[in-house]
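Heads up: the structure comes next, in structure tokens.
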Amino acid sequence: MPALLALIFIYMIATIGLAWYGYKKTTSDADYLLAGRKTNSLVMAVSYGATFISTSAIIGFGGVAAAYGMGMLWLAFLNILVGIIIAFLVFGPVMRKMGQFLHASTFPEFIGKRFESRGLQSWIGIFIAVTMPLYAASVLIGSARFIETTLGINYTTALLIFAVIVAAYVIVGGMISVMYTDAFQGGIMFVGMFLLLVLTYVKLGGVIPAHEALSNMVSLVPANLVAIGHQGWTSMPVFGSQLWWTMISSLILGVGIGIIAQPQLAVRFMMVKDKKTLKRAVLAGGPFIFMMVGVAYIVGPLSNVFFYNTTGKIALDAVGGNIDAIIPVYINSAMPEIFVLIFMLSLLSAAMSTASSQFHTMGTAVGYDLIRNGIFKGKSVHTILFTRIGIVITIIMAVILAFYLPGSIIARATAIFMGMCTAAFLPMYAGALFWPRMTKTGAYASFAVGFFVSIFWYVFVHAAEAVPIGICQKLFGVATLLPGMWAYVDPILIATPLSIIVAIVVSLMTKPPSEKMVSELFKKEEEPVSAESAS
């Protein structure tokens, strides 16, 4: 315990120092909201990766991989292909240029100015303020559960301490503090995950023996998982089965594609100084993401071998059925004490880096997009003050949710938020960047269809949510409105195509945007479209 407390003390001093540095460097609204638009490639890449990879990926999805198998590695592939390569090389450069020309400081403001609609900016701000606390709560739960397991602190205390610490440096230092603390925390995460992979293979006798042992455990798959398509931890589920649809549509596609439409990530493209910075960031971002999620999706399934060798049970049974507890219990049971200390810092880093960006994004959605640019538009108001108020409000919402959400919720809550972002934001976001003919009405329609179809599907069709919610059962006397396969198809595969179709059809049927706007955005991108600044 003294060694742990010493490490935590050093870690917190370093974090506070970086946060203070961010505070001292923050001299304008642009600094607080966009880190001064001059972030270098390494800080950008590691901060971006650390923001995306949180306890929900390591604890939540690592636990899911322990239950469902190494098919989850396809998610790591999509995270790199879509979240790094396509995001940094295709979306990023255009987002940076347009965001600079429009003088946009947040994702909602970028969309609002691109389509010349203050109302659209406000609605997106509302969406973020209402839905992102669910994702933030999943991060808080993952961090609090690991602190609870490792330090023996009760869940409530761990949750509140963690939330207060992160909130403090986000509120004070803004985005510069977030970026530098993210980069520092990302370095710790990389070391921790690398050591976890190495020590796991050492513990299980090497790479080949570990995987052979896991393959030979196919007969130990629980009957209830076999019934829905599980074929062993080194095989994909039966094609078209309930588990296959859950893994592919909800987890792999929902999160793998959803990463590109995340507001807290998209806004980072407006923080770099030039296109070269984004290209260089790919070289750091790709390996970083693989080490984070790839290791979690390998170690998770392999934990079954350890638990069976030591307890005679598979991982899910050894932790009493709570998927979210698998990785924390495995770490504390299988790893040397010194590594447990290091890995705790890694998880704290993962949680703090993601939570800080979530808090900042939720706060700007409320304080900047809704209050400053909505309710008090045109009036002299203090941007940073209202943003800080927004951060406090949304943090409280996330903490309340973290107390009431059920067990095994981390991965599911993450997938729900990212899936909804994909359906509601991605067609509108892609159209804003690459299709001059996209109209304000088309953006509104696409956003509305993506959001409401997602909600409908979650409440009335998708069994994972419809059954526990129970509204469908009460209204119609059935658990879900559509039987069989449809009950396991994630909303992302229904809502996103409909959102794309609506965006195209409505845009073609409505008045095109002004030629001046199109010309300025797509042809004269080095000249600002207005004199309005981020401040």
Side-chain angles (χ1 to χ4, degrees), residues 56 60-61 63-69 71-72 74-75 78 131 134-135 137-138 141 221-231 233 235-258 300 316-317 320-326 401 404-424 449-499:
S56 63
F61 281 81
V64 168
Y68 295 163
M72 289 295 294
W74 282 107
L75 177 54
L78 271 187
T131 61
L134 175 67
Y135 181 24
S138 72
I141 291 170
V221 176
N224 63 318
L225 290 179
V226 173
I228 61 173
H230 203 305
Q231 298 189 101
W233 290 279
S235 302
M236 285 292 291
V238 175
F239 179 79
S241 64
Q242 175 184 334
L243 184 56
W244 187 89
W245 278 109
T246 298
M247 182 180 288
I248 296 298
S249 67
S250 297
L251 301 176
I252 295 177
L253 292 180
V255 178
I257 296 176
L316 197 57
D317 293 336
N322 185 355
I323 286 176
D324 296 342
I326 292 176
L401 280 174
Y404 290 100
L405 289 175
S408 301
I409 192 62
I410 295 176
R412 189 74 212 119
T414 302
I416 289 173
F417 175 73
M418 291 194 176
M420 291 183 66
C421 282
T422 303
V449 167
F451 175 72
F452 286 111
V453 171
S454 294
I455 293 295
F456 174 84
W457 204 265
Y458 281 126
V459 175
F460 293 104
V461 180
H462 198 238
E465 292 77 32
V467 172
I469 290 174
I471 294 177
C472 186
Q473 183 69 47
K474 291 180 180 179
L475 293 180
F476 302 104
V478 292
T480 65
L481 291 182
L482 296 179
M485 174 196 77
W486 292 105
Y488 308 110
V489 175
D490 193 83
I492 190 175
L493 295 183
I494 307 298
T496 306
L498 288 176
S499 180

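Nothing here was measured: the structure is a model prediction, and the numbers come from that model.
Looking at Gln473, its side chain does come within 3.5 Å of a backbone N or O of Gly477 through a donor-acceptor pair. Under the 3.5 Å distance criterion, the side-chain polar atoms of Trp233 are matched with a main-chain donor or acceptor of Ala66. Between the side chain of Ser138 and the backbone N or O of Tyr135 there is at least one donor-acceptor pair closer than 3.5 Å.
Contact of the Met247 side chain with the Met72 side chain is registered, since non-hydrogen atoms from C-beta on lie closer than 4.5 Å. Between Pro237 and His230, the closest side-chain pair of non-hydrogen atoms is not below 4.5 Å. Leu316 has its side chain out of reach of Pro222: every pair of non-hydrogen atoms, C-beta onward, lies at least 4.5 Å apart.
Side-chain contact annotation: Asp490 with Ser250, donor-acceptor N/O pair under 3.5 Å present.
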- request: Could you please spell out the steps behind the side-chain contact (heavy atoms from CB on, under 4.5 Å) verdict for His462 and Val489?
  value: CA-CA 7 Å; His462 198 238; Val489 175; 5.7 Å; no
task: May I have the step-by-step check of side-chain contact (heavy atoms from CB on, under 4.5 Å) for Leu481 and Trp486, ending in yes or no?
output: CA-CA 9 Å; Leu481 291 182; Trp486 292 105; over 6 Å; no
Trace of the side-chain contact (heavy atoms from CB on, under 4.5 Å) decision for Ile471 with Phe460: CA-CA 7 Å; Ile471 294 177; Phe460 293 104; 4.0 Å; yes
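The shortest heavy-atom contact between Ser454 and Ala495 is OG-CB, 3.4 Å. Shortest non-hydrogen contact noted between Ala487 and Leu482 is CB-O, 3.7 Å. Shortest non-hydrogen contact noted between Ala463 and Tyr488 is CB-CE2, 4.0 Å. Residues Ile492 and Pro497 come closest through the heavy atom pair O-CD, 3.6 Å. When all heavy atoms of Leu493 and Leu253 are compared, the closest pair comes out as CD2-CD1, 3.6 Å. The shortest heavy-atom contact between Phe451 and Ala424 is N-CB, 4.2 Å.
Remark: of the listed residues Ile455, Val461, Val459, Val461 is the sole one forming a side chain to side chain contact (heavy atoms under 4.5 Å, CB included) with Trp457.
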